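What follows is a single structure, written as structure tokens, with notes after it.
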Amino acid sequence: SSSGASLKSITFAYDFPGPDFELTPVVVAQKEGFFAKAGLNVSVKFPPNTSTTTQLLTTGAAQVGFITTTDMGVSVNAGAPVVSIGNYSMSNNWALFAKPGVQLDAKHIHADLLGKTIFSYGDTWTEAMLPFVLRHAGLKTSQVKILTAPTGNDLTDLLAGKVDVSTSTTNYETPGFVGAKVKGKETQLLGTAVGAPNIPVWVYATTKSYAGKNPATLRAFMSAISQATAWAVAHPTEAATLFDKTYPQSGYTNAYNLLGWQLTIPFLKNAQHQYFVQTNAQWSTLATALKGIGLISKVPAPSTYYTNQYLPKG
Amino acid sequence: MKKVLRSVLVPLISIGLVGLIWQLVVVGFHVQSYVAPKPLDAVNAVFSNWGILWPLVLGTIRETVYGFLVGAVLGVVLGVVMAKIEIIRRLLYPLLVLSQAVPIIALASPLVLILGFSVAPKIVIVAWIVFFPVTVNVVDGLTHVDQDLLNLARVYGASSWRTFTQIELPAVSTPLFSGLKIGATYAVGGAIIAELVGSTGSSLAYYQEHASSNLQTAAVYGTTLVMTVIGIGWFLLVAGLEILLTPWQRRTTARRRRVASPSGSH
Amino acid sequence: MKKVLRSVLVPLISIGLVGLIWQLVVVGFHVQSYVAPKPLDAVNAVFSNWGILWPLVLGTIRETVYGFLVGAVLGVVLGVVMAKIEIIRRLLYPLLVLSQAVPIIALASPLVLILGFSVAPKIVIVAWIVFFPVTVNVVDGLTHVDQDLLNLARVYGASSWRTFTQIELPAVSTPLFSGLKIGATYAVGGAIIAELVGSTGSSLAYYQEHASSNLQTAAVYGTTLVMTVIGIGWFLLVAGLEILLTPWQRRTTARRRRVASPSGSH
Amino acid sequence: MLVGKLGVVCAALLEIESIGKTFGATTVLAPTSLRVEEGSFVSIVGPSGCGKSTLFNIVAGLLSPDAGGEVTVSGTSILGRSGHVGYMLQKDLLVPWRTVEDNITMVARLTRRVTEEDRREAREIATRYGLGEFLSHYPKALSGGMRQRVAFMRTLVAHQPLLLLDEPFGALDAQTRLEMQSWLLDVWRETGRTVLFVTHDVDESIFLSDRIVVMSPRPGRVVADLTNPLARPRTLDILTDPRFIEMKSTILHLLHSRENS
Amino acid sequence: MLVGKLGVVCAALLEIESIGKTFGATTVLAPTSLRVEEGSFVSIVGPSGCGKSTLFNIVAGLLSPDAGGEVTVSGTSILGRSGHVGYMLQKDLLVPWRTVEDNITMVARLTRRVTEEDRREAREIATRYGLGEFLSHYPKALSGGMRQRVAFMRTLVAHQPLLLLDEPFGALDAQTRLEMQSWLLDVWRETGRTVLFVTHDVDESIFLSDRIVVMSPRPGRVVADLTNPLARPRTLDILTDPRFIEMKSTILHLLHSRENS
Ligand SMILES: Nc1ncnc2c1ncn2[C@@H]1O[C@H](COP(=O)(O)OP(=O)(O)OP(=O)(O)O)[C@@H](O)[C@H]1O
Ligand SMILES: Nc1ncnc2c1ncn2[C@@H]1O[C@H](COP(=O)(O)OP(=O)(O)OP(=O)(O)O)[C@@H](O)[C@H]1O
Ligand SMILES: [Mg+2]
Ligand SMILES: [Mg+2]
């Protein structure tokens, strides 16, 4: 069943304008033949910016996409007919980072953040997580300086001493820091250690209408992704090399890609060592958080957001 | 009176037509509300969030005003220096063109890194945009002041300073204001780009970016409207200032007529 | 010859001075390499990545060329129509100013949504920037063509078309080219903003953004240099075209001298 | 009736019959009649604003006159129709983007395709009248007098029997003006055209014309139509001729008494 | 020596002694000498380019002459020093951004603070010479003749005994020009200034002046210095006076024979 003609062609929309290591499972599924075996021919499309993946899906430019759970939340709220068909990661690796030489410790988080300048890209995820951290630290918003820079660069600003603390996910921040080859070591503090809920950051999504008409395709897709993820977790070095071969002009070094993927792996599974499986709890926690910061107008039933029915059995 | 009415009415009709076409397109092509809003929804998104928007608008206005002033002063000074000293004109002119060929967006990030997240980089960017048309027009205007007028001043032994204030400055008022009006129109666009690269707290640009990533298209378009209105307002302010400061362009007599005929005749 | 030398040499000296100051600042203030690179490092970052950059540069040039052509044609057509039909001029003029007060960056996202991720939104943005100075200058030029020259054409019964091609079009060549040169200078900046908002796959803007997020400041500055060079190149091309197409501006005799004196005298 | 009219008109190349012009509420030109014989040189002098240029614009078809008048050239009405006269103004109106040769052929260029014959004629006339060296020059390289000469050549090669010249030498300095006057008389004699000439310079009008028409201040009308008794060819010496002085005195008093009325 | 020189100069307001000017390789003005008596009206006529304006620019302090010459006003050297003459050109050079009153006081404005006395004088002179109604008008609202009158008033209130007028009426039409000539003679008589006047119009030079200086083509030098025998006041009638005609003929022949040399 691997002859090119009989494969079903679908387009996968990534969440970032260019390829990076979080695309590793899709690359592995392409290159190691997991998609072909499942009867699929998947091509990847990159959005013009980080907030248009939903639009690629709803306009039919792509059938399956990769987005953050917060984007799911606001898209559903805005009436976009999208639905999540599986978690990408199972836990929250969003974290705070301090510039070299400055300490961040969950035990005295209040003192560590009081009056400090905190960098944020202004993305929905950070916006949803920061209030949890501040509440945990016993700080009001007015007691810190939050700096929003949608097209800025947290790492440069951190290293140049323009901000005290930046926010990002561990798998992106650390390889960047290592690549910068600066002296000293930055401290990182996982958000979940200071009050942030442990919910998934990214999911695979599709539109409701596509799901209604193509359940088999989606099942085939998730099955291929499942095998590819397992393979990439088992063979990180080979996976990173595959990525480099596929995207030689990504602009990232092999070391960066490998480290990034290695730092992603720990968050792909939940405490029960499951991949992909979504829960009511994760979605209602998220929706409540989004409602709390005014990003969505009402908290819908968790089932509005997701379905596990296309996940491989067992 | 009729003229004033027309110069207000016609632009309003034009804007009304644009709104109408927009409405027709959205309704006619069944455009989804998360793709593009109806015009009234966009306007409504502004008014219903005015409490949040107002301080951001003020912030953008502040950046624009400071940047505009810096740019205007710099533009005039540079223009005068370049017009007067040929070697400087020759050396700086290519750089002037060069400066405008640099994409603003590529300029913003390094500036923020150097100047921090304060209002400073925004002022620099706005000034960067504003100074150029001002300088070019001032240089052009000053180098084309009627040589005979300047000779007239010399014949009567006028100082350079009086020649400058009495002859040269008024003579370049038209190109100067053209430059300022161009600068005013583009100033807000520059401030918005600078805001995107980093603001402490919120900013109009970030508000829009945020609305965009949350698919609140009505707010996105509404913010664009607000930005445009600031730009137009700034343009109109400069145009109004021009009318006020150069009465000889439109009037045949000075506003305050002095008491004439001291000899008491007629 | 001496003139040509000077008009090439002086800009080079200016650019050299900028490079020197840049070098002195970076070295003098011990600026970290992730904050700002040395000028030669930036240039080097361009050459050592030329294989990756070249197709992106080509892409940006393509967008700029298409957008420029669309904007120039649109600008001329709109300018002619507005100059000829007063009611259209009155209605469109406010919208023209309005169009430029809209921040380009706020325009880009909706355009991408409407036109997709193809080259189309970039063309629209570049054209949006280019058409304005062209239209304004063409309207201004056409409404100021010497009425006596037009009467001369009427006296001899010239058609509107011949009057247009023989009198009006050459008469507006100077303002037309001024508009085109302004448009050319800003075109690349527009293309970069559009790329940032709406490119699938790679683009010069994304390359820079990416270099920036990886702290490769040499590449960031290098890319800015490349963008600026494209802009200047485009400006020089239009300026060269002007010299070629309007020989009467600089020369006292036509290039090809026709064989004179058919009567055989002298 | 038509035959009778034609019979009368035949002797005159241009016949202006009760042509008047009112702009809004002001009458600029009172109904005015004027005949210009074929091959003659007629000058019009009159105070500024008396409607001389307005009259020319009507004859050239640029303006339509008040109802009731008629303008004929060789017996055919040209009222409101352009393309039937050569017209030249004080401003030379050369186009800066064309060489001398191309400026001379400008009328052809404005109405049809320029032929090799047109070019040949332009080169010939330019060479004959001393501009052969400048054929490929742009106008900016020429002096004021040379520019006026090119403008006149352009008017000549339009091949209209009637030439309207509206103060063509008004912008030239006195010496260049004298030269141009002699030159114009030469060309006029050689080409046999009919010239209607407007000037403010009374000396010039007497030096050049067969007849001098004096107009009143606004609303303009003809107050005198004087035949010039001086024989041709004329030289600078006529300035001291008693008939010249008498004629000049008559015209100046006509102009001046009107002025203060 | 100084005393001797002063003794000679005393009778003359302006004394120009062997002033020449060379631009690069071309001598524009050959060393030229000229005396202008206090209160007199002297005209200069000469072909275009013979250096009349150049001479004026030297006297006004705008240009420095070739070495060896001297210019004195009331016996004091003003070589290369400005602020010692009133100067008026064919272009009126009014500033569009000032009212008539402020244009008249422009010279004060260019050198010091304008006083109420300056304003009073401007209003008075404008009212006296028929522009009282237009004091608060901007120049664009005035006709060409009115503008020239304002320009002349500005020159007057600069309070220089010597006025250099370089073709001040060259741009006006013949009728306005006649009016302005009479007006200028009135003002000159009433204010007692000394006038050095450049014109291309021989009639004008004879009508206005006590003396007429004729210059040769480039390099310019004085070829004749004629004293005008006609009594003042003069009216239009002098145009038929035999002495006028003879003088005009002499000047024209002087100008013309030079022209063709
Ligand atoms: N289109 C117009 N509308 C209103 N008035 C006009 C128009 N054209 C000309 N006039 C007026 O008609 C009068 C006659 O103008 P015209 O140009 O014919 O005078 P002219 O005799 O040629 O004067 P000059 O000797 O100064 O050239 C002037 O007062 C002028 O202002
Ligand atoms: N700065 C200069 N450099 C070179 N040549 C000059 C300069 N200024 C004037 N000339 C030349 O000097 C000559 C005399 O000029 P000037 O203006 O004095 O003549 P003019 O007698 O006033 O002529 P017109 O009657 O036309 O006003 C002209 O040939 C002119 O081209
Ligand atoms: Mg006229
Ligand atoms: Mg002169």
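Per chain, numbering begins at 1; letters A, B, ... match sequence-line order. No experiment lies behind these values; they were computed from the predicted model shown.
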Problem set entry | Residue C:Ile87 versus chain B: region with a heavy atom under 4.5 Å | neither
Exercise. For C:Phe29, is it the side chain, the backbone, both or neither that has a heavy atom under 4.5 Å from a heavy atom of chain B?
Worked result: neither
Exercise. Side chains of C:Ile105 and B:Ile105: closer than 4.5 Å at any heavy-atom pair?
Worked result: yes
Seminar exercise, completed: Value for CD1 (C:Ile15) from CG (B:Leu95), rounded to nearest 0.5 Å, stands at 7.0 Å
For this session: Counting only heavy atoms closer than 4.5 Å, note whether C:Leu91 contacts chain B via side chain, backbone, both or neither.
Result: both
Pull every donor-acceptor pair under 3.5 angstrom between chain B and chain C and give the atom names with distances.
from: B:Ser14; atom 1: OG; to: C:Leu91; atom 2: O; distance (Å): 2.5
from: B:Leu91; atom 1: O; to: C:Ser14; atom 2: OG; distance (Å): 2.6
from: B:Gln100; atom 1: OE1; to: C:Tyr186; atom 2: OH; distance (Å): 2.9
from: B:Tyr186; atom 1: OH; to: C:Gln100; atom 2: OE1; distance (Å): 2.9

Problem set entry | Distance in Å, B:Leu196 CG paired with C:Leu196 CG, rounded so as to fall on 0.5 Å steps | 9.0 Å
For this session: Name the region of B:Pro94, side chain, backbone, both or neither, that has any atom closer than 4.5 Å to a heavy atom of chain C.
Result: side chain
Seminar exercise, completed: With chain B, the option among C:Ala106, C:Ala187, C:Gly189 that has the most non-hydrogen atom pairs under 4.5 Å is C:Ala106
For this session: Please tell me if the side chains of B:Ile193 and C:Ile193 come closer than 4.5 Å, counting only heavy atoms from C-beta onward.
Result: yes
Exercise. At a heavy-atom separation under 4.5 Å, does B:Val18 approach chain C through its side chain, its backbone, both, or neither?
Worked result: side chain
